[in-house]
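Worksheet: one structure, shown below.
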Amino acid sequence: MLSVSDLQARRTTHAPAISIEDLSITYRVAVERPQLTRAEKARLPRQDLKQRLAADLRQRRGREVYEVEALKGVSVNVMPGAVLGVVGANGAGKSTLMRAVAGILPPTKGRITVRGRVSTLLALGVGFNGQLSGRENILLGGLAAGLSRQEIERRFEEIADFTGVPMPILERPMRTYSSGQYSRVAFAVAVHMEPDVLIVDEALSAGDAKFKQRAEAKMNELVVEDTSRTVLLVTHGLASIRKLCNEAIWLHEGKLMKWGQPGHIVRAYEEFMGVQGSVVSDEDL
Ligand SMILES: Nc1ncnc2c1ncn2[C@@H]1O[C@H](COP(=O)(O)OP(=O)(O)OP(=O)(O)O)[C@@H](O)[C@H]1O
C-alpha cells in the first residue's frame, strides 16, 4: 500500500508544470479618434450617408472601443521537463499565450497554473527599463525572477560576459542600445536565472550570427542537457521545433488546432499553410 508521502511524491511528479484550462483572452482596445480638419476630411474616400453618420457619432464620442479575441478556449498541459514548441501563422495568438503563462496578461476566461519559477524571454524584452543601464537591468531582472541580491551579484560577471556587450556600454542607459545589444542582455538575463519554466518567444533570431550561435548552444544546454526544465518555445523556425522540442502545439486564429509530436504538428501546419519541407527554416531568421 502507498503511504501518504508516496502519494504526495507521485502527485508532485505527475502534476503538470503548466496547466492551461479553457483559456480565452480578449484584448479591449480604446482608440482615440483624431479631430480631423476640413481639408483632411475632404481627402478621405467618399462615404455614403450611413457611413458618414456612424463616423460622425464616433467622432462625437471621441473614442471607439473594439475587442480582439486572441485566444479562444485553449487547453494544454505541459509536464515537467517537456519542451513544447508553439507554431502558428502571424496573429495566431502565440505571444498572447506566452504572456499569459508568464503572468503578464490575466485570462479573460479559464485558468492557468504554473508550478515553479518562470523566466521569460519574450521578443520585446518586456520588463526592462530603458532609462536604466544594462548592469542595473540585469540586477533588477534577477530580483524580478526571484534571485537574492547575493545570488545575482555572484552571477553578474558570467551574465555580463555572456552578453558580449562591452562593459562601458553595459553602464549606459538601455534606451541607447541597438536592438541586437538589447536582445543580448535580455537573452543573457533570462537564461541565467535557472528557471523551472523558461519561455522563449522568437529569441533565437536575436543578435548577430556570432551571438545566435552562442544563444543556440545555451538553449541546447538548457533544453536538451537539463531535462528537468520545462520550456515553451515559440518560433517560425520550424527546424528548431523539430530539433529541440518533444511536443508541439499549433494555434490558428486563437484556437488550438493540434497538439502532438513536433514532426506531425510541423507537417500539418506546413500543409495547412501551403508550404512544403520547412520553407521557413532557421536559416531564414
Ligand atoms: N496589445 C494588443 N492589443 C490588441 N490586440 C492585440 C494586442 N496584442 C496582440 N493583439 C492581437 O491579438 C492577436 C494575436 O496576436 P499575437 O501577438 O498573440 O500573435 P502571434 O501568433 O504571436 O503572431 P506573430 O507570429 O505575428 O508574432 C492578433 O490578432 C493581434 O492583432
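Because the structure is predicted, anything quoted here is derived from the model rather than measured. In what follows, residues are counted from 1 in the order of the sequence shown. Start at 1 and go down the list; that is how both ligands and their atoms are numbered.
Not a single donor-acceptor pair under 3.5 Å links the side chain of Lys94 to the backbone N or O of Leu251. Not one N or O on the side chain of Arg172 forms a donor-acceptor pair closer than 3.5 Å with the backbone of Tyr177. Side chain of Thr108 to main chain of Thr26: a donor-acceptor pair is present (N/O by atom type, distance under 3.5 Å, no hydrogens or angles). Side-chain atoms of Glu158 do not come within 3.5 Å of backbone N or O of Arg155 as any donor-acceptor pair. Between the side chain of Asn246 and the backbone N or O of Val83, at least one donor-acceptor pair lies under 3.5 Å.
Among all non-hydrogen protein atoms, the one lying nearest atom 10 (N) of ligand 1 is Tyr27 CE1, 3.4 Å. In this structure, atom 21 (O) of ligand 1 lies nearest to the protein heavy atom Lys94 NZ, 2.8 Å. Nearest to atom 26 (O) of ligand 1 among the protein's heavy atoms is Asn90 ND2, 2.9 Å. The nearest heavy-atom contact from the protein to atom 27 (O) of ligand 1 is Ser95 OG, 4.2 Å. The protein heavy atom nearest to atom 18 (O) of ligand 1 is Thr96 OG1, 2.5 Å. Of the protein's heavy atoms, Val68 CG1, 4.6 Å lies nearest to atom 30 (C) of ligand 1.
By the 4.0 Å heavy-atom criterion, Ala89 is counted among the residues contacting ligand 1. Residue contacts with ligand 1 do not include Gly88, since none of its heavy atoms lies under 4.0 Å from the ligand.
In this structure, the separation between CE on Met167 and CD on Glu157 is 7.0 Å, given to the nearest 0.5 Å.
Set against the non-hydrogen atoms of Val29, the atoms of ligand 1 under 4.0 Å away are 3 (N), 4 (C). Of all the atoms in ligand 1, the ones that sit under 4.0 Å from a non-hydrogen atom of His236 are 25 (O).
Residue Gly91 places at least one N or O, backbone or side chain, under 3.5 Å from an N or O of ligand 1. Between Ala92 and ligand 1, at least one pair of N/O atoms sits closer than 3.5 Å.
No more than 12 heavy atoms of other residues, nucleotides or ligands sit less than 6.0 Å from atom NZ of Lys255.
Under the 4.0 Å distance rule, the nearest protein heavy atom to atom 24 (P) of ligand 1 falls inside the cut-off. For atom 4 (C) of ligand 1, a protein non-hydrogen atom is found at a distance below 4.0 Å.
For Glu171, the salt bridge (Lys or Arg N to Asp or Glu O under 4.0 Å) partners are Arg135, not counting sequence neighbours. Under the side-chain contact (heavy atoms from CB on, under 4.5 Å) criterion, Pro106 pairs with no residue at all, not counting sequence neighbours.
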